[in-house]
Asks: 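If you scroll down you'll find the structure; I have some questions about it.
Residues: numbered from 1 along the sequence shown. Side chains included, hydrogens not; waters and symmetry mates left out as well; all remaining heavy atoms used.
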Amino acid sequence: VQLQAFGGGLVQAGDSLRLSCAASGRTFSRYVMGWFRQAPGKQREFVAAVSWSGGTTYYADSVKGRFSISRDNTKNMGYLRMNSLKPEDTAVYYCAARSDAMSVDVTSYGWWGQGTLVTVSS
């Protein structure tokens with residue numbers, strides 16, 4: 001499956017932003033989808049994941065209550081709605097897919113999009 005993330009940009013603290021992930025090539029609904037992020041000088045970290053059906057979601061503690069992951073399998077699209085953004089949310093955000101159960105392990109995802117930059121100013 002090929003993935004392409006987009007929707008990043010420059011926002012102010014407290015603003016909202018929605019990232020999108022377009023999937024193509026294989027049946028998107030067969031894959032768990034995850035969002036990860038990588039800040040300058042830091043390792044890539046888990047943000048959120050959603051099951052193949054969209055019925056189960058999981059979040060990193062740092063974004064729980066502020067971010068919401070979803071998907072629309074009819075459109076082969078995934079989303080990450082980010083509210084109450086903070087400067088520490090600044091990072092390149094990646095969407096990823098894996099064919100097994102949900103996971104927070106970055107190394108367990110086999111397909112990756114190219115990343116989209118989110119910059120949150122204070």
Side-chain angles (χ1 to χ4, degrees):
V1 61
Q2 288 81 46
L3 304 172
Q4 183 175 4
F6 56 95
L10 173 62
V11 297
Q12 293 185 331
D15 285 351
S16 297
L17 199 62
R18 188 181 79 161
L19 305 182
S20 299
C21 179
S24 62
R26 295 188 181 184
T27 306
F28 179 56
S29 60
R30 295 179 179 177
Y31 297 86
V32 164
M33 188 190 74
W35 284 94
F36 294 79
R37 66 186 181 186
Q38 187 165 17
K42 295 187 177 181
Q43 292 186 331
R44 193 170 299 188
E45 65 175 5
F46 170 79
V47 174
V50 60
S51 62
W52 65 269
S53 68
T56 302
T57 57
Y58 188 73
Y59 298 92
D61 288 343
S62 59
V63 306
K64 199 172 296 182
R66 299 188 298 122
F67 290 12
S68 177
I69 189 172
S70 61
R71 66 192 297 164
D72 185 343
N73 289 336
T74 66
K75 298 180 179 178
N76 287 345
M77 293 291 296
Y79 306 98
L80 183 69
R81 176 69 178 182
M82 305 184 294
N83 296 326
S84 303
L85 282 162
K86 304 175 181 180
E88 51 263 44
D89 294 319
T90 295
V92 176
Y93 283 73
Y94 300 87
C95 59
R98 70 189 304 266
S99 56
D100 293 320
M102 292 174 61
S103 172
V104 303
D105 182 0
V106 63
T107 65
S108 70
Y109 285 74
W111 296 272
W112 290 84
Q114 84 289 2
T116 184
L117 176 63
V118 174
T119 303
V120 184
S121 64
S122 58

Asks: Apply salt bridge (charged side-chain N to carboxylate O under 4.0 Å, His left out) to Arg66 and list each qualifying residue two or more places apart in sequence or on a separate chain.
Replies: Asp89
Asks: Can you tell me which residue pairs pass the disulfide (SG to SG under 2.5 Å) test with a partner in residues 7-82, sequence neighbours excluded?
Replies: Cys21-Cys95
Asks: Name all residues meeting the side-chain hydrogen bond (donor to acceptor under 3.5 Å, both in side chains) criterion together with Asp105; count only those two or more places apart in sequence or in a different chain, and write none if there are none.
Replies: Thr107
Asks: Measuring only between side-chain heavy atoms, which start at C-beta, is Arg30 closer than 4.5 Å to Ser99?
Replies: no
Asks: Suppose we screen for side-chain contact (heavy atoms from CB on, under 4.5 Å). Which residues come up paired with Lys42, at least two apart in sequence or across chains?
Replies: Ala39
Asks: List the residues meeting side-chain contact (heavy atoms from CB on, under 4.5 Å) with Gln12, not counting sequence neighbours, and say none if there are none.
Replies: Asp15, Ser121
Asks: Do you know the tightest heavy-atom contact between Ser16 and Arg81?
Replies: CB-NH2, 3.6 Å
Asks: Among all residues two or more places apart in sequence or in another chain, which pass the side-chain hydrogen bond (donor to acceptor under 3.5 Å, both in side chains) test with Thr119?
Replies: none
Asks: Running the 4.5 Å side-chain criterion over Ile, Leu, Val, Met, Phe, Trp and Tyr, what cluster does Phe6 land in, apart from itself?
Replies: Met77, Tyr79
Asks: Does the Asn73 side chain pair with the main chain of Phe28, one donor and one acceptor, at a distance under 3.5 Å?
Replies: no
Asks: Ser103 versus Tyr58: any side-chain heavy-atom pair under 4.5 Å?
Replies: no
Asks: If the condition is ring-ring contact (aromatic ring centres under 6.0 Å, His included), which residues does Phe36 pass it with, not counting sequence neighbours?
Replies: Phe46, Tyr109, Trp112
Asks: Using every non-hydrogen atom in the two residues, find where Gly115 and Val92 come nearest and quote the distance to one decimal.
Replies: CA-CG1, 3.8 Å
Asks: Holding to side-chain contact (heavy atoms from CB on, under 4.5 Å), I want the full list of residues that pass it with Gln38, two or more places apart in sequence or in another chain.
Replies: Arg44, Tyr94
Asks: Test of understanding: with side-chain contact (heavy atoms from CB on, under 4.5 Å), list the residues that count as partners of Val118, not counting sequence neighbours.
Replies: Leu17, Leu19, Met82, Tyr93, Val120
Asks: Which is it for Arg18 and Ser20 under the side chain to side chain contact (heavy atoms under 4.5 Å, CB included) test, yes or no, and what are the steps along the way?
Replies: CA-CA 7 Å; Arg18 188 181 79 161; Ser20 299; 4.2 Å; yes
Asks: Taking Trp52 as the starting point, is it possible to reach Met33 by hopping between hydrophobic residues whose side chains are less than 4.5 Å apart?
Replies: no
Asks: Can any side-chain N or O of Gln114 pair as donor or acceptor with the backbone N or O of Ala5 at less than 3.5 Å?
Replies: yes
Asks: Can you measure from OG1 (Thr57) to CZ (Arg71) and round to the nearest 0.5 angstrom?
Replies: 12.0 Å
Asks: With hydrophobic residues grouped by side-chain heavy-atom distances under 4.5 Å, do Val32 and Tyr59 end up in a single group?
Replies: no
Asks: Same hydrophobic cluster for Val11 and Leu80, using side-chain heavy-atom links shorter than 4.5 Å among ILVMFWY?
Replies: yes
Asks: Sequence neighbours excluded, which residues qualify as salt bridge (charged side-chain N to carboxylate O under 4.0 Å, His left out) partners of Glu45?
Replies: Arg37
Asks: Is there a chain of hydrophobic side chains (I, L, V, M, F, W, Y, each step under 4.5 Å between heavy atoms) that links Met102 to Val50?
Replies: no
Asks: Just jot down the ring-ring contact (aromatic ring centres under 6.0 Å, His included) partners of Tyr31, sequence neighbours excluded, or say none.
Replies: Trp111
